[in-house]
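Working notes, structure below.
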Amino acid sequence: MWSTIFQKLITGSIIIGSTAVDFNNVTITNPTSVDNFLQNDSSATKKAASSTMTYGRFLDYLDMGWIKRVDLYDNSRSAIVEASSPELGNRPQLIKVEIPAGTSQLILKLKEANVDFDAHPVEDNSLTISFLSNVIIPILFIGGLIYLFQNSENLPGNMGQTPMNLGKSPARFQRKPDTGILFKDIAGIDEAKSEFEEVVSFLKYPEKYTIVGAKIPKGILLVGPPGTGKTLLAKAIANEADVPFFNVAGSEFVEMFIGIGAARVRDLFKKASDNAPCIVFIDEIDAVGRERGAGVGGGNDEREQTLNQLLTEMDGFKENKGVIVVGATNRVDILDSALLRPGRFDRQVTVGLPDRFGRAAILKVHARNKPLSDDVSLDQLANRTPGFSGADLANLLNEAAILATRYKKPVIGRKEVNEAADRIISGIAGTPLEDTKNKRLIAYHEVGHAIMGSVLQSHDEVEKVTLVPRGSAKGLTWFTPEEDQNLISRSELLARIITTLGGRAAEQVIFGTPEVTTGASSDLQQVTNLARQMVTRFGMSNIGPIALEDENTGQVFLGGGIVQGSEFTSNNADRISEEVRKIINYCENKAIEIILDNRIVIDLIVDELMDAETIDGAEFRQLLSLYTTLPNKKMPYASKLINL
Ligand code: ADP
Ligand code: ZN
C-alpha cells in the first residue's frame, strides 16, 4: 500500500484516500444562525394596510398613475395597493381595496398601466398553489407522500419543506449577515479576493460607480474544487458590505415536478430584489446550469425550465440595482453557454487548490485561535499537504486540536499535527501486527517502495516508512513532495510507476512468486491508471501525441457529445492496452532489478523496521549511506542513482 498523494497530483483533484471517508470528520464551520427564509421573511406575508379606498377611486388613481404596486389576494377579490398622491402627501402608502366580482379586466389594465402586480393565492402564499390545485392535486399528494418520506430520512437542507411550499425558494437567508467571515479570514486565494473587494466597494458606495457610468457585473462565477473557499468568499462580501445574504444550492432547485424548480428560482429572485442590495449565492450551480439538451437520455424538462427561469431572472433585474449573484461550480465546462453571456455570469473567478504558500497562509488563519507549541512549523506542514483544500487544512488543525485534548495537552504539538495529517490522508492508525511472517512480508513490501524512491533520480524523497496500519493499509511509505507540481515529466511518471511497483517486486524477489500477496492490489490499480493516462492523455507512448480519452474516462461527456467518438475505436482499445502493458513491463523489470541490486541493504533496513515499526526519512537515508560505506560489500546505493 501506498499513500495516494501521487494520484492527487496526476488528476489535479483532491482524492484523499478512500479510507478517510469513514473517518470521524469534525469540521469547524461556524454554527451561525442561518434561518430558514420562510420563517424570516415578512414581505411574503399579507401586507397590512392602514386605510381603504373604493374600487372606483382606485381606478381613478390608476389612471392618474398614482398606483405603484398592486398585490391581489383572495382570488383577486381584494388588493393591497401601494399608492402615492398629492392627497396622501406624496408619501407611498398601503391601501386596501375591495374588488367587485367580474372585473377580469383589471389585470389587463394593470399591465397597460405598467404597474407592478402580483397575485397571492388564498391563505397560503405559495406561488404554485393555484396551479397545483387545478391540475395536479392527485400527483401532488402522491408526490407529497414520497417527498415527506424522503424528508424523514435526513437532508437537513430540506427540513420543514412541505408540499405546500414546494414553490418557495429553499434559500437560507440572513438579513443581517452575521456570517462572521471577513476577508482577513480567507487566505491563499488573493486574486479572487481582490476581485471581490471591488464588489464590496460597489455595494457600499454605488454612487462612486454609477456616476462614471460603470457597470458592476450582475453575476460572478466562482470556479474551483470543493472546499477552496468559494462559499467563504461570498459570505465575506455580504459581511463586509453589510448586506443581506441568500445562500442556496443548485441542487435544491432540482425537483421532480415540472415547474417547481422554476417557481423557486422566481421566488428567490423576487425576495432578492425586495432585499436589494444583497448577495445571492448559488452553490453547485451546475446542478441547474448544465448545458441544455445534454446528458444521458436527452433533455430534462424540469431542469431546463429551471435554467430558463434563471436566465430570464438574471436578464430581468437591472444592472447596478444591487443584487449580485455569485455562483459556484467545479465544472464550468458543462455549464450552458447562455449562462456565461454578458449580463449574466459574465465574470469568472478561478479559485484553485492553494499552493504551498497559500496552504501556509490558510493554516495560519486557522491556527489563530489555537494554541500551537513552538515545535509546530506551519510551513513544513504546508509542504506535507499538497492537494489539500482550505477545508482539508481547517479540518487538519481541528483534528490536531481534538487529539491534543485527548492526550490532555494544553497546547497542540508537532506530534498531534502530524498524526492529524496522516489520519486525513490515509485513515486512523491501528495497532501493528505481531511479529509474524506476514509482518516481515509487509516490511519488505514497504521497504521495496522506499528503496525505489531513493535510487530513482526523478522521485521524491522518503518521508517515512511505517508498519503501523492506517485505514485499510497494513503499512505505508510516505514521500515528501518536492514542491507543488502541475507539470509532471515522463521520467517522473515512470519513477512513480516503478516506485509503486517496488512493493510487489520486493515480495516477489524475496519470498518467491508463490508467496506474493493481495497486498499490492491498490498499488497495481494506481500503476495501471498512471500508465493508461500516459498513453491516452499525455501522449507518452508509441501511439504518439494523441489524446484518446477525456479525463472522465469512458464516460459520456456531459458537456456535449460523446468522447469515445471518432478517435476511439476498438482497434485503438487494443493498442492502448498493449502500450500500457509495455510501460508496466518496463517498469516492473526495473523494479526487480533495483531490488536485486540492493538486496543486502534491504534486509538490513527491514530488520530495523521490524523493531522500530516506523523509520523516518532521515534515518532511512542514514541507514542507506551507512551501508554504502561498509567495506567488502557490494555498493549498490548511491544517492539518486538511476536516471530514467
Ligand atoms: P467551497 O464553497 O469552495 O466548497 P467553503 O468556502 O465552504 O468551500 O470552505 C469550507 C471551509 O474550509 C471554510 O469554512 C473554511 O473553514 C475552510 N477554507 C476553505 N478555503 C479557505 C481559505 N482560502 N482560507 C481559509 N479557510 C478556508
Ligand atoms: Zn504497496
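In listed order, ligands and their atoms are each counted from 1. All values below were derived from every heavy atom in this structure, side-chain atoms included, with hydrogens, water molecules and symmetry-related copies excluded. The chain is numbered in sequence order, starting from 1. As the structure is a prediction and not an experimental result, all values here were calculated from the model.
With a 4.0 Å heavy-atom cut-off, ligand 1 is reached by the backbone of L232 and by its side chain too. Proximity of D283 to ligand 1, defined as any heavy-atom pair under 4.0 Å, is not found for any part of the residue. Contacts with ligand 1 closer than 4.0 Å are made by side-chain heavy atoms of I362 only, the backbone lying farther away.
Comment: R423 does not engage E416 in a salt bridge, judged by the lack of any side-chain N to carboxylate O separation of less than 4.0 angstrom. Taking 4.0 Å as the cut-off between side-chain N and carboxylate O, D603 and R599 count as a salt-bridged pair. The existence of a salt bridge linking E613 and K439 is confirmed by a sub-4.0 Å separation between a basic side-chain nitrogen and an acidic carboxylate oxygen.
Test K204, K193, R347 against E198 for salt bridge (charged side-chain N to carboxylate O under 4.0 Å, His left out) and you get one pass: R347.
Between G229 and ligand 1, at least one pair of N/O atoms sits closer than 3.5 Å. Looking at ligand 1, you won't find any N or O of V365 less than 3.5 Å from one of its N or O atoms.
Between the OD2 atom of D523 and the NE2 atom of H449, the angle taken at the Zn ion (ligand 2) works out to 100° after rounding to 10°.
When S389, G227, P225 are checked for heavy-atom proximity to atom 1 (P) of ligand 1, G227 turns out nearest.
Counting non-hydrogen atoms of neighbouring residues, nucleotides and ligands closer than 6.0 angstrom, the CD atom of E197 exceeds 12 such neighbours.
Of all atoms in ligand 1, listed by their number and element, those nearer than 4.0 Å to a heavy atom of D185 are 24 (N), 25 (C). Close approach of ligand 1 to P226 is summarised as follows: ligand atoms under 4.0 Å from at least one heavy atom of the residue are 4 (O). Under a 4.0 Å criterion applied to the non-hydrogen atoms of I186, ligand 1 contributes the atoms 23 (N), 24 (N). Residue contact check: I189 has heavy atoms under 4.0 Å from atoms 23 (N) of ligand 1.
Note on ring orientation: taking the six-membered ring where Trp is involved, the planes of F479 and H459 are perpendicular (angle over 60°, cut-offs 30° and 60°).
In this structure, H366 has a heavy atom closer than 4.0 Å to ligand 1. Residue-ligand proximity: A328 is placed with every non-hydrogen atom at 4.0 Å or more from ligand 1.
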Under 3.5 Å donor-acceptor pairs involving side-chain atoms of residues 180-190, not counting sequence neighbours:
{"unit_1": "D185", "atom_1": "OD1", "unit_2": "R368", "atom_2": "NH1", "d": "3.0"}
{"unit_1": "D185", "atom_1": "OD2", "unit_2": "L182", "atom_2": "N", "d": "2.9"}

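When side chains are defined from C-beta on, W478 counts as touching R384, because their heavy atoms get closer than 4.5 Å.
Aromatic rings from Y444 and F511 are positioned such that their centres are separated by under 6.0 Å.
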